[in-house]
Amino acid sequence: MSELHAPVLGWYDEHARDLPWRRTSASAWSVMVSEFMLQQTPVNRVLPVHEAWLERWPTPAALAADEPGEAVRAWGRLGYPRRALRLHAAASAIVAEHGGEVPADKEALLALPGVGDYTAAAVASFAFGRRHVVLDTNVRRVLARTVTGVELPGSSVTRAERDLATSLLPDDEATAATWAVAVMELGALVCTATSPSCHRCPVADRCAWRAAGHPAYDGPARKVQTYAGTDRQCRGRLLGVVRDSEGAVPGTRLHAAWSETAQRERALASLLADGLLVRVETGEAEPRYALP
DNA sequence: GACTCGTGGTT
DNA sequence: TAACCAAGAGT
C-alpha cells in the first residue's frame, strides 16, 4: 500500500462530486456515454447533454435503432462530432455482438469504435469495478507532480509512466477502482494544470514537486492549438448550419457560412468522408447536404 | 511520434 | 487578449 492511497481515498470520500454517471443507480451505458462526451471536454458542458442523451436513449439498443444523424444533432456543440458517430457505431456493435449489454472486459471494450485505452479502462473500472490502470491527463499530472517531481507530464505516455501507475494500483479490485477515480478527481479539482490548490491537497506534505519548490515545466514546448481560420473551425461552421436546420440544406447555405471557397470545399469533402454529412441528390442542378 | 479533429471558459 | 486547456481516439 503506497503512502498516497489512504489520504487520496479519504479525500475522495469526502470531496467527490455527485456526478450522474457516478451514482450507484447509473448504468454501464450511462458511464460509457459520459466517457465519450468527456474526451477533451469539460464536465460542466457535458452534464446537460448527457442527461438529455440518457433520457432519449436509455440503452445502447435505443440509440442503435435511431439514425446516426440524430446522434450528431443531439451532440450539439460539445465539439469533435465524430465522437457522436462513433458512439452510435459502438451502440450498434454492442447490440450486434454483445446482446445489447455494455461489455465488462477491457479487451471487448477496446474493440468498440471510439474506445481507446483510456476509455476501455475507465468503463471497465468505473462501471464494473474492474482493476485497471486508468491513465488520463489528470492522473498523469498528479503522478508527475507527487511522485516524479515535475510540473507536467510529457506529450505522450511513456513506459515509465505506465509502470509507475501500475505499481501504484491497489491489489484489491474494489479499492483499485475507487483509487482510479479518486486520483482523477484529485487532478480535476485540486492538482489542476494552471493553478493547483496545494493547501487543499491531501498529499501536499509528501509531494515531490512541492518539496522541490514547484520548479516550472522545462520540457519541450507544448503545442498550441490555434483555431480561428482553421479547417476545424470551417468544418464546425458548416456542420452547424446543417445541424441547426430541419432538412437537407442547399449548397448555397454553406457558401454563405464560409466564404473562402477552397477551404470550404476541402472542409465539406472531409465532412462527407467522415460520414458526418451526406449528399442528397435532388434532381436539380444543385445538391443538398444532410445529416446521415 | 506527429497530426488532425470543436468548442467555450479562464487567465 | 491571445494563450491555455478540458476524463482522447484514429490515422
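Naming convention: chains lettered A, B, ... in sequence-line order (proteins, then strands); numbering from 1 in each chain.
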What is the distance from [atom1] of [X] to [atom2] of [N], rounded to the nearest Å?
X         : N       : atom1 : atom2 : answer
Leu38(A)  : dT7(B)  : CG    : C1'   : 14 Å
Asn44(A)  : dT10(B) : CG    : C1'   : 12 Å
Leu78(A)  : dC5(B)  : CG    : P     : 19 Å
Tyr227(A) : dC5(B)  : OH    : C1'   : 10 Å
Leu276(A) : dG6(B)  : CG    : P     : 7 Å
Trp75(A)  : dT7(B)  : CH2   : C1'   : 12 Å

Fill in: Residues forming a ring-ring contact (aromatic ring centres under 6.0 Å, His included) with His50(A), sequence neighbours excluded
Trp21(A)
Worksheet item: Under the ring-ring contact (aromatic ring centres under 6.0 Å, His included) test, which residues partner Trp11(A), sequence neighbours left out?
Response: His15(A)
For [X], answer base if it contacts any base atom (sugar-phosphate contacts may also be present), sugar-phosphate if it contacts only those atoms, and nothing otherwise; contact means non-hydrogen atoms under 4.0 Å.
X         : answer
Ser156(A) : nothing
Phe36(A)  : nothing
Arg86(A)  : sugar-phosphate
Leu239(A) : nothing

Fill in: ILVMFWY cluster membership beyond Val150(A) - transitive side-chain contacts under 4.5 angstrom
none
Using side chain to side chain donor-acceptor pair (under 3.5 Å) as the criterion, list what pairs up with [X], not counting sequence neighbours.
X         : answer
Asn138(A) : Asp136(A), Arg141(A)
Glu70(A)  : Arg56(A)
Arg279(A) : Tyr289(A)

Worksheet item: Where do Glu3(A) and Arg206(A) come nearest, in terms of heavy atoms and distance?
Response: O-NH1, 2.8 Å
Worksheet item: Under the 3.5 angstrom rule, does the side chain of Ser167(A) hit a backbone N or O of Leu164(A) as a donor-acceptor pair?
Response: yes
Item to complete: Could you pick out which residue, Ser195(A) or Asp231(A), lies toward the 5' side of DNA chain B when each is mapped onto its nearest nucleotide?
Response: Asp231(A)
Fill in: Pairwise 5' ranking along DNA chain B for Thr194(A) and Gln233(A), keeping only the more 5' one
Gln233(A)
Worksheet entry | Ion pair check, Glu35(A) and Arg83(A), cut-off under 4.0 Å | no
For DNA chain C, the residues among [range] that have a non-hydrogen atom under 4.0 Å from it:
range                       : value
residues 14-35 of chain A   : Arg17(A), Leu19(A), Trp21(A), Arg22(A), Glu35(A)
residues 106-145 of chain A : Pro113(A), Gly114(A), Val115(A), Gly116(A), Asp117(A), Tyr118(A), Thr119(A), Asp136(A), Thr137(A), Asn138(A), Arg141(A)
residues 242-253 of chain A : none

Worksheet item: Side chains of Glu67(A) and Pro292(A): closer than 4.5 Å at any heavy-atom pair?
Response: no
Worksheet item: Would you say Met32(A) and Phe126(A) make side-chain contact, with heavy atoms under 4.5 Å?
Response: no
Worksheet item: To the nearest 0.5 Å, how far apart are CD in Glu151(A) and CG in Asp218(A)?
Response: 9.5 Å
Worksheet, complete the sentence: When rounded to the nearest 0.5 Å, the distance separating OG of Ser245(A) from CZ of Arg73(A) is 8.0 Å
Worksheet item: Hey, where on DNA chain C does chain A first and last touch, going 5' to 3'? Cut-off is any atom under 4.0 Å from a heavy atom.
Response: dC4(C) to dG10(C)
Discussion item. Just checking Trp57(A) against Trp29(A), ring centres under 6.0 Å apart?
Written reply: no
Contacts table for residues 207-217 of chain A: side-chain donor-acceptor under 3.5 angstrom, sequence neighbours left out:
from      : atom 1 : to        : atom 2 : distance (Å)
Trp209(A) : NE1    : Pro215(A) : O      : 2.8
Tyr217(A) : OH     : Pro220(A) : O      : 3.1

Under 3.5 Å, which protein N or O atoms sit close to an N or O of nucleotides 2-4 of chain B? Give each pair with its distance.
none

